[in-house]
Amino acid sequence: NSYKEDAMENLSKKCRLSDLKVGQKAVVTKLNIENKEIRRHLLDMGITRGVEIRVKKIAPMGDPIDIELRDYELCLRKADLEKIEAEVTK
C-alpha cells in the first residue's frame with residue numbers, strides 16, 4: 001500500500017455514529033454537542049471518548065437507533081448520533 005492509500009483508508013474509518021450500519025462497531029472520538037444539557041445527559045449515559053459502541057437495531061424509518069455500550073442498550077435519536085464522531089473498529 002502506498003502512503004496515499006493508507007491515508008485514505010484511515011479517513012474512511014472516521015464517521016459519525018449515525019452513519020453506522022447494524023452490527024458495526026466504533027469507538028467514540030468526539031462529542032460535537034453544543035447544548036450543554038444534552039451533552040451532559042449523553043455523558044451521564046456513558047457515551048464518552050474511547051467507549052466502544054455497536055449498532056443493534058435501526059427503526060424502519062431510520063430513527064431512532066438502538067445502540068449497545070458498556071453492557072447495556074440505549075435508543076437514541078439520529079439527530080443526536082449525528083453529532084458524535086467515531087472511528088469504525090469492525
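Computation of the quantities below employed the complete heavy-atom set of this structure, encompassing side-chain atoms and omitting hydrogens, waters and symmetry-equivalent molecules.
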Quick check: are there more than 12 heavy atoms from other residues, nucleotides or ligands sitting under 6.0 Å from CZ of Arg70?
-> yes

Give me the one residue out of Ile65, Leu42, Leu17 that meets side-chain contact (heavy atoms from CB on, under 4.5 Å) with Leu76.
-> Leu42

Can you tell me how far the CD1 atom of Ile67 sits from the CD1 atom of Ile84, to the nearest 0.5 Å?
-> 6.5 Å

Who passes salt bridge (charged side-chain N to carboxylate O under 4.0 Å, His left out) against Asp71, sequence neighbours left out?
-> none

Under the side-chain hydrogen bond (donor to acceptor under 3.5 Å, both in side chains) test, residues paired with Arg77 that sit two or more places apart | Asp80

Across all chains, not counting sequence neighbours, the salt bridge (charged side-chain N to carboxylate O under 4.0 Å, His left out) partners of Arg39 are none

N/O donor-acceptor pairs under 3.5 Å from side chains in residues 26-35, not counting sequence neighbours:
residue: Thr29; atom: OG1; partner: Glu85; partner atom: O; Å: 3.2
residue: Asn32; atom: ND2; partner: Glu85; partner atom: OE2; Å: 2.5
residue: Asn35; atom: OD1; partner: Glu37; partner atom: N; Å: 2.9
residue: Asn35; atom: OD1; partner: Ile38; partner atom: N; Å: 3.2

Using a 3.5 Å cut-off and no angle test, enumerate the donor-acceptor pairs between side-chain atoms of residues 18-25 and protein atoms at least two apart in sequence or in another chain.
residue: Asp19; atom: OD1; partner: Arg16; partner atom: NH2; Å: 3.4
residue: Asp19; atom: OD2; partner: Arg16; partner atom: N; Å: 3.3
residue: Gln24; atom: OE1; partner: Lys21; partner atom: N; Å: 2.7

Which is it for Lys13 and Glu87 under the salt bridge (charged side-chain N to carboxylate O under 4.0 Å, His left out) test, yes or no, and what are the steps along the way?
-> CA-CA 5 Å; Lys13 289 183 178 183; Glu87 201 168 300; over 6 Å; no

Once you round to the nearest 0.5 Å, how far does CG of Leu43 lie from OG1 of Thr48?
-> 7.0 Å

What's the spacing between Ile53 CD1 and Ile47 CD1 if we round to 0.5 Å?
-> 5.0 Å

By side-chain hydrogen bond (donor to acceptor under 3.5 Å, both in side chains) - contacts of Lys56 (at least two apart) | Glu73

